[in-house]
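FYI, the numbering just counts along the sequence from 1.
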Amino acid sequence: MAEPMKIRATLQGDVADVRILMLHPMETGQRKTGSGIVPLHFIQSVVVTHNGKTVLDAQWSQAVSRNPFLGLRVKSAKAGDKIAVTWTDNKGDKRTDEATVAAP
């Protein structure tokens, strides 16, 4: 099972500043070790929702670095709103974590 994401969502006026750290190896399939090449293992899809409504739907490749960081701003947010982040990788693993928008 993948490690939990670190999600921080803070309110600035009516805009939530969302910061997400995803803990994932993001292997490119090109790194060599003594026993051969490390196989591809990367996040393919990231979906961010605000109170159940999709605000970001991204498709990634192996060109993204290990433990990717994602930052975005969500309009019309209020303290207590729910921000959920789901990623799916090329091996079929999936992780969903949620955070609450915090007042300043």
Side-chain angles (χ1 to χ4, degrees):
M1 189 72 178
E3 293 290 322
M5 289 178 261
K6 296 178 182 179
I7 305 170
R8 181 173 295 160
T10 54
L11 200 58
Q12 298 175 352
D14 70 337
V15 177
D17 183 27
V18 181
R19 298 176 186 186
I20 307 156
L21 179 63
M22 299 171 223
L23 302 175
H24 196 280
M26 301 297 285
E27 288 293 345
T28 64
Q30 298 179 6
R31 188 167 61 95
K32 296 178 184 178
T33 64
S35 59
I37 295 176
V38 178
L40 279 171
H41 189 201
F42 61 93
I43 294 173
Q44 285 185 312
S45 171
V46 178
V47 177
V48 180
T49 61
H50 171 234
N51 291 334
K53 180 182 173 192
T54 301
V55 293
L56 177 92
D57 189 349
Q59 305 302 312
W60 287 356
S61 71
Q62 66 268 29
V64 177
S65 68
R66 172 178 291 143
N67 299 330
F69 173 82
L70 179 63
L72 65 138
R73 300 186 73 174
V74 179
K75 292 182 180 180
S76 302
K78 298 179 186 95
D81 285 358
K82 301 290 182 189
I83 302 290
V85 182
T86 302
W87 60 253
T88 307
D89 69 16
N90 67 313
K91 292 187 176 184
D93 293 334
K94 188 174 187 177
R95 177 82 196 191
T96 300
D97 288 302
E98 189 175 278
T100 303
V101 176

Original post:
Linking I/L/V/M/F/W/Y whenever their side-chain heavy atoms sit closer than 4.5 Å, directly or via other members, would Ile7 and Val55 fall into one cluster?
Top reply: yes

Original post:
Would you say the side-chain atoms of Asn51 pair up with the backbone N or O of Lys82, donor to acceptor, closer than 3.5 Å?
Top reply: yes

Subject >> Identified side-chain contact (heavy atoms from CB on, under 4.5 Å) counterpart of Phe42 within the set Glu27, Gln62, Arg66 >> reply: Gln62

Original post:
Hey, any chance Val46 and Leu21 share a hydrophobic cluster, counting ILVMFWY side chains that come within less than 4.5 Å of each other, even indirectly?
Top reply: no

**OP:** Using side-chain contact (heavy atoms from CB on, under 4.5 Å) as the criterion, point out the one residue from Val64, Leu40, Asn67 that pairs with Met26.
**Re:** Val64

Name each donor-acceptor pair under 3.5 Å that joins a side chain in residues 9-20 to protein atoms two or more places apart or in another chain, with its distance.
{"from": "Gln12", "atom 1": "OE1", "to": "Arg73", "atom 2": "NH2", "distance (Å)": "3.2"}
{"from": "Asp17", "atom 1": "OD2", "to": "Arg19", "atom 2": "NE", "distance (Å)": "3.4"}
{"from": "Asp17", "atom 1": "OD2", "to": "Arg19", "atom 2": "NH2", "distance (Å)": "3.3"}

Original post:
What is the distance from atom CH2 of Trp60 to atom CE of Met22, rounded to the nearest 0.5 Å?
Top reply: 3.5 Å

Original post:
If you look at every heavy atom in Thr54 and Asp57, which pair is closest and at what distance?
Top reply: CG2-CB, 4.3 Å

Original post:
Rounded to the nearest 0.5 Å, what separation is found between the CD1 atom of Ile83 and the NE2 atom of His50?
Top reply: 5.0 Å

Original post:
Hey, does Thr88 have a side-chain heavy atom less than 4.5 Å from the side chain of Gln44?
Top reply: no

Original post:
Under a 4.5 Å side-chain heavy-atom rule over Ile, Leu, Val, Met, Phe, Trp and Tyr, are Val74 and Val47 clustered together?
Top reply: no

Subject >> N-O pairing of Asp97 and Arg95 below 4.0 Å >> reply: yes

Original post:
Between atom OG1 of Thr86 and atom NZ of Lys94, what is the distance when rounded to the nearest 0.5 Å?
Top reply: 6.0 Å

Subject >> Any side-chain heavy-atom pair of His41 and Asp89 under 4.5 Å >> reply: yes

Original post:
Okay, side chain of Ser65, backbone of Pro68: is any donor-acceptor separation there less than 3.5 Å?
Top reply: no

